[in-house]
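Only this structure's heavy atoms are used, side chains among them; waters, hydrogens and symmetry mates stay out. Residue numbers begin at 1 in each chain, while the letters A, B, ... track the order of the sequences. Please read all numbers here as calculations on a predicted model, not as lab measurements.
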Amino acid sequence: MHVGGGVPTQRHSSLSPSFAAQTMFQDRLQAQLVPALQSAFQHLFSHELDVRSVGFQPTRPEFEGDLTINVFPFLKISGKGPEQTATDIGEFLQRQVPIVERFNVVKGFLNIVIADSYWTDFLREAGNKDILQFPSTGRQVMVEYSSPNTNKPLHLGHLRNNFLGHSVSRILKAAGNEVVRVQIINDRGIHICKSMVAWQKFGKGETPETSGLKGDKLVGKYYVEFDKAYKAEIEQLVTGGMPKEEAEKQAPLMKEAQAMLLAWEANDPAVRALWERMNGWVYAGFNATYTRMGVEFDKLYYESQTYVLGKEDVRKGLEKGVFYTKPDGSVWVDNTAEGLDEKVLQRGDGTSLYMTQDIGTAVKRFEEFPALQQLIYVVGNEQDYHFKVLFIILKKLGFTWAEGLHHLSYGMVDLPSGKMKSREGTVVDADDLMQEVVDEARKAGEELSKLDEFSEEEKSALYETIGLAALKYYLLKVDPKKRMLFDPAASIDLQGHTGPFIQYTYARIKSLLRKAVELSVGSSQLSVASGPLTTDNHQLLPEERAVIKFLHQFPAVLNEAATKLEPSTIANHTYELVKAYNSFYQSVPVMKEEDPDKQRSRLVLSAAVATVTKKAMWCLGIGVPERM
RNA sequence: GGUCCCGUAGCUCAGCUGGAUAGAGCAUCUACCUUCUAAGUAGACGGUCACAGGUUCGACUCCUGUCGGGAUCACCA
């Protein structure tokens, strides 16, 4: 079980190779300019310029230009002052590179203006194909996420985990990888036995059907019942004079649960039957939650099956001398050379531990998927140490694929009231939260009342899409590594930097495109998007240019998101894009434009923004409505 | 105590391998619906980037230390 309840913080930036195509320039503009720049250095300063030392940055809005080169680092090479250096390079580029229209120099900054034709060429491309779909890398990548316990329902922490895992899977897919999504369900152990004992004792045969409770909620209820009754027993024992620690061990309920665990391991038919029955309830409940979340898995692992794995690998490790035994028979690994500690891998009685089965499960996965090159564990940063140790062990065991292991370590989600604690009842239930955001979307939608022609069914579907967008975007826009604060009010906000804001922009564009079709500016959306673009008779407006630039940056953003496993990068850039588009929309006429060329060009721009936005949101696991 | 993470506007977050006057959203205030969806746009207000040193032509960014917050160091998972 990897996820557990909480949600803490840390950083893990040692990225194994790369999850995206490394060789290709995701930024075509730079691909054109870098060689020219090298050539400039050759001619002007007789210097061989290292590609890696070139840093283009977008020109700040207050200056004229599209790209900026900071020449300060080159002064030693040029042997001239900053202004002269920048001017020399600028003049060379303008002469040699057709798309370099002109340039200006401010202090040590060379601002380059790229020709409109370059941008419109790009726009045509963005309108015609999916610029957020990279060619295949030929790599197969496994992403493990969710991985709950079966003794309690999913909560807010799981939401961040699931949304991250699902989004990362999609990002990697868009970046050209084949992705296998998995989870490992902790369906065995003392925790589920507690629920079982409590249900037997207090349940009176209650089922999801008779109680009307979702299966996972029902089982969770008995987990809580157990805890309550157990605490009462302890208190009684303590009042009777027993020390607390002793009481915790001697409480009859705990003894019963432990006995049940033994019976389970001994394959006791009655215990197994109850176990399967109650787990069945939980899975039905989980599936309903997953469906509403919109997350999916390609393969499920169960700890009841994997917990026996790993012993063989531990034995082999002992043979190789990678591990060692202590006098009591327990098996250890010494990671002090790596700056860590010694870690136990197998108990003195030969039974396995969390670490043991994680070793075995990893081995099994690479056996089952021979083409697998990367395995990403989406697990809270409270387990940073565990994964560090796990990866070191697998490397020590000599598995070459161990280089492709990665822990996507994400930070805890805090509540305004502080940390989420299941024992204190401060957990935010996943189902409740999703219902809440959807209700809120409905409330807001009905206030605006512009959906009169929608059927009830259509409205419900729309509110579902909007509410979940609010929640998902709220959780995904923050850097995964960082601990974040969950503010309920902000999470259901539909304005500003939110998912619904992006959806709204999309819906508005679709409305515009429908109108264009109606007025037969194009006989279909496709032809709207594929018509010729003329710029001979007009220059791109600043608003148009700004939008195109955000589109242009997007492939590089996807590349970055795939490399760093950061959906937040895409979330934030999508927001920047639609914000620029809204600004354009507000001040530049499209359907009202009389010049047909300009109009077509703006429709293409709008269509491209819609297409890219939809795909970007898909990468986040968020849907976009055609109207709202 | 050892190891690791975090500290940017009142609040929540961006800030790319060091580069121009540190950016958004929320909140507060102002303006804009007889023009393509106002779930929108434009603007105002708001900062000793925790603190102190250091490296550098240049530091929110890199290094050291201090303070504050958190995680983890189980024959638990």
Side-chain angles (χ1 to χ4, degrees), chain A residues 1-4 6-12 52-53 55 57-60 62-63 68 70 72-73 75 82 106-109 111 149 186 189-191 303 326 328-332 339-341 343-349 351-355 357-358 380-386 388 409 411-412 414 416 419 441 444-445 447-448 450 466 474 477-479 481-487 489-490 493-498 500-501 503-505 507-513 515-516 519 556-557 560 564 568-569 572 575-576 579 582-583 585-593 602 606 627-628:
Chain A
M1 179 242 20
H2 289 152
V3 96
V7 229
T9 300
Q10 248 148 5
R11 170 159 303 230
H12 220 276
R52 301 181 51 86
S53 68
Q57 43 188 307
T59 305
R60 288 183 150 256
E62 58 266 38
F63 302 103
T68 295
N70 180 354
F72 278 108
L75 298 186
V106 182
K107 292 195 271 182
F109 297 90
N111 301 319
N149 290 345
N186 185 15
I190 192 71
H191 59 275
E303 288 202 11
K326 288 201 172 176
D328 63 359
S330 56
V331 181
W332 294 71
L340 303 176
D341 295 315
K343 179 84 186 172
V344 62
L345 304 178
Q346 202 173 86
R347 291 194 183 93
D349 63 6
T351 55
S352 56
L353 258 32
Y354 182 38
M355 190 61 81
Q357 64 168 298
D358 265 2
N381 61 12
E382 62 210 336
Q383 296 193 41
D384 281 359
Y385 181 72
H386 173 76
K388 249 183 222 172
S409 163
M412 177 150 61
D414 283 322
K419 210 178 146 174
E447 268 171 28
L448 291 170
K450 49 183 177 182
I466 295 173
Y474 181 81
K477 72 176 173 184
V478 180
D479 183 342
K481 292 187 293 287
K482 292 194 176 168
R483 157 191 282 264
M484 67 178 290
L485 184 83
F486 182 81
D487 176 359
D493 204 337
L494 311 175
Q495 269 125 39
H497 190 185
T498 67
F501 172 90
Q503 290 179 317
Y504 177 73
T505 308
R508 208 157 58 163
I509 295 173
K510 295 306 274 192
S511 166
L512 193 65
L513 295 177
K515 192 148 295 183
L519 301 178
V557 170
E560 187 188 343
K564 295 161 88 173
S568 57
T569 314
N572 289 319
Y575 173 67
E576 298 291 334
K579 208 153 70 96
N582 279 339
S583 185
Y585 179 91
Q586 194 75 24
S587 55
V588 181
V590 180
M591 295 313 296
K592 302 276 173 191
E593 173 58 49
R602 286 170 196 168
S606 302
R627 56 186 85 206
M628 71 187 271

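Nucleotides B:G58 and B:G15, compared at atom P, are 26 Å apart to the nearest Å. When the C1' atom is compared between B:C26 and B:U21, the two are found 25 Å apart, to the nearest whole Å. Taking the P atoms as reference points, B:C45 lies 15 Å from B:G25, given to the whole Å. Between B:G2 and B:G65, the two P atoms lie 12 Å apart (nearest whole Å). Comparing B:C60 with B:A20, their P atoms sit 10 Å apart, to the nearest whole Å. If you take atom P in B:C13 and the same atom in B:G7, they sit 11 Å apart, rounded to whole Å. A gap of 26 Å separates the C1' atoms of B:C51 and B:C57, to the nearest Å. Of the P atoms belonging to B:U61 and B:U8, the separation is 13 Å, rounded to the nearest Å.
Using cut-offs of 30° and 60° on the angle between ring planes, the pair A:F72 and A:F109 is perpendicular. Taking the six-membered ring where tryptophan is involved, the planes of A:Y474 and A:F486 are perpendicular, since the angle between them exceeds 60° and thus also 30°.
Looking at the side chain of A:L512, the nearest of the listed nucleotides B:U37, B:C36, B:U72 is B:C36. Across B:U41, B:A20, B:A74, the shortest atom-to-atom separation from the side chain of A:T59 is found for B:A20. In the set B:A74, B:C36, B:U37, B:A74 carries the atom at the smallest distance from any side-chain atom of A:V344. Proximity note for A:M628 (side chain, C-beta onward) versus B:A20, B:U35, B:A39: the nearest is B:A39. Listed nucleotides: B:G19, B:C73, B:C76. Nearest to the side chain of A:F109: B:G19. Side-chain proximity of A:D493 to the nucleotides B:A20, B:C26, B:C36 is greatest for B:C26. When the nucleotides B:A24, B:A39, B:A77 are ranked by their closest atom to the side chain of A:Y575, B:A24 comes out on top. Side-chain atoms of A:S511 lie closest to B:U37 of the nucleotides B:U37, B:A24, B:A71.
Comparing A:Q586 and A:L485, the nucleotide of RNA chain B nearest to each residue sits closer to the 5' end for A:L485. Taking for each of A:Y474 and A:F501 the nucleotide of RNA chain B with the nearest heavy atom, the 5'-most of the two is the partner of A:Y474.
In this structure, CZ of A:R602 is placed 14 Å from C1' of B:U35, rounded to the nearest angstrom. For the pair A:R60 CZ and B:A22 C1', the computed distance is 8 Å after rounding to whole Å. Per the geometry, CG belonging to A:N70 stands 5 Å off C1' belonging to B:G19, to the nearest Å. Residue A:L513 contributes atom CG, which lies 13 Å from atom C1' of B:U37 at whole-angstrom precision. The CE-P distance, from A:M355 to B:A77, rounds to 11 Å in whole Å. B:G70 atom P lies 19 Å from atom CE of A:M484, rounded to whole Å. Regarding A:E576, its CD atom lies at a distance of 11 Å from the P atom of B:G15, rounded to whole Å. At whole-Å resolution of the value, CZ in A:R508 and P in B:U41 are 7 Å apart.
For B:C36, the OP1/OP2 oxygens have no side-chain nitrogen or oxygen of A:R627 closer than 4.0 Å. Distances shorter than 4.0 Å separate none of the side-chain N or O atoms of A:Y385 from OP1 or OP2 on B:U72. The phosphate of B:A77 has neither OP1 nor OP2 within less than 4.0 Å of any side-chain N or O from A:N186. Phosphate contact (OP1/OP2 of B:U37, side-chain N/O of A:K515, threshold under 4.0 Å): present.
Within 4.0 Å of A:G189, counting heavy atoms only, lies no atom of the nucleic acid at all. Counting non-hydrogen atoms under 4.0 angstrom, A:L353 reaches the backbone sugars and phosphates but no base. Across all strands shown, A:F63 has heavy atoms under 4.0 Å from base atoms, whether or not it also approaches the sugar-phosphate. Contacts of A:I190 with the nucleic acid, taken as non-hydrogen atoms under 4.0 Å apart, are absent. Across all strands shown, A:F72 has heavy atoms under 4.0 Å from base atoms, whether or not it also approaches the sugar-phosphate. Heavy atoms of A:A489 sit nowhere under 4.0 angstrom from any nucleic acid atom. Using a 4.0 Å heavy-atom distance criterion, A:K477 is classed as making no nucleic acid contact. Nucleic acid contact for A:S583: sugar-phosphate only, since backbone atoms but no base atoms lie under 4.0 Å from a heavy atom of the residue. Across all strands shown, A:V478 has heavy atoms under 4.0 Å from sugar-phosphate atoms exclusively, and none from any base. Here A:P73 lies in heavy-atom contact (under 4.0 Å) with a base. Using a 4.0 Å heavy-atom cutoff across all strands shown, A:T505 reaches no nucleic acid atom at all.
Between the side chain of A:K450 and the base of B:U37 there is at least one donor-acceptor pair of N/O atoms closer than 3.5 Å. Taking only distance into account, the side chain of A:N111 meets the base of B:A20 through a donor-acceptor pair shorter than 3.5 Å.
A distance of 8.0 Å separates NZ of A:K477 from CE of A:M484, quoted to the nearest 0.5 Å. If you take CG on A:D493 and CZ on A:F501, they are separated by 12.0 Å, rounding to the nearest 0.5 Å. Once rounded to the nearest 0.5 Å, the distance linking OH of A:Y504 with CG of A:N582 reads 8.0 Å. With rounding to the nearest 0.5 Å, the separation of CD1 in A:I466 from OG1 in A:T498 is 10.0 Å. Note that the CE atom of A:M355 and the CG atom of A:L353 stand 8.5 Å from one another [nearest 0.5 Å].
Applying the 90° cutoff around 0 to the glycosidic angle, B:C33 is assigned syn.
Under the Watson-Crick and G-U wobble criteria, each requiring two contacts below 3.5 Å, nucleotide B:U41 is paired to B:A31. When both pairing distances are held under 3.5 Å, B:G58 makes no Watson-Crick or G-U pair with any nucleotide shown. Under the Watson-Crick and G-U wobble criteria, each requiring two contacts below 3.5 Å, nucleotide B:G47 is left unpaired. Here B:U21 sits opposite no nucleotide as a Watson-Crick or G-U wobble pair (both hydrogen-bonding atom distances under 3.5 Å). The partner of B:G68 is B:C6, by the rule that a Watson-Crick or G-U pair needs both atom distances under 3.5 Å.
Look at A:Y585 and the base of B:G40; the rings do not stack under the cut-offs of 5.5 Å between centres and 30° between planes.
A 4.5 Å side-chain heavy-atom check between A:T569 and A:K564 finds every atom pair outside the cut-off.
Residues A:Q346 and A:T351 approach most closely at CG-O, 3.4 Å, considering heavy atoms.
Salt-bridge formation is not detected for the pair A:R347/A:D349: no Lys NZ or Arg NE/NH1/NH2 atom is positioned less than 4.0 Å from an Asp or Glu carboxylate oxygen.
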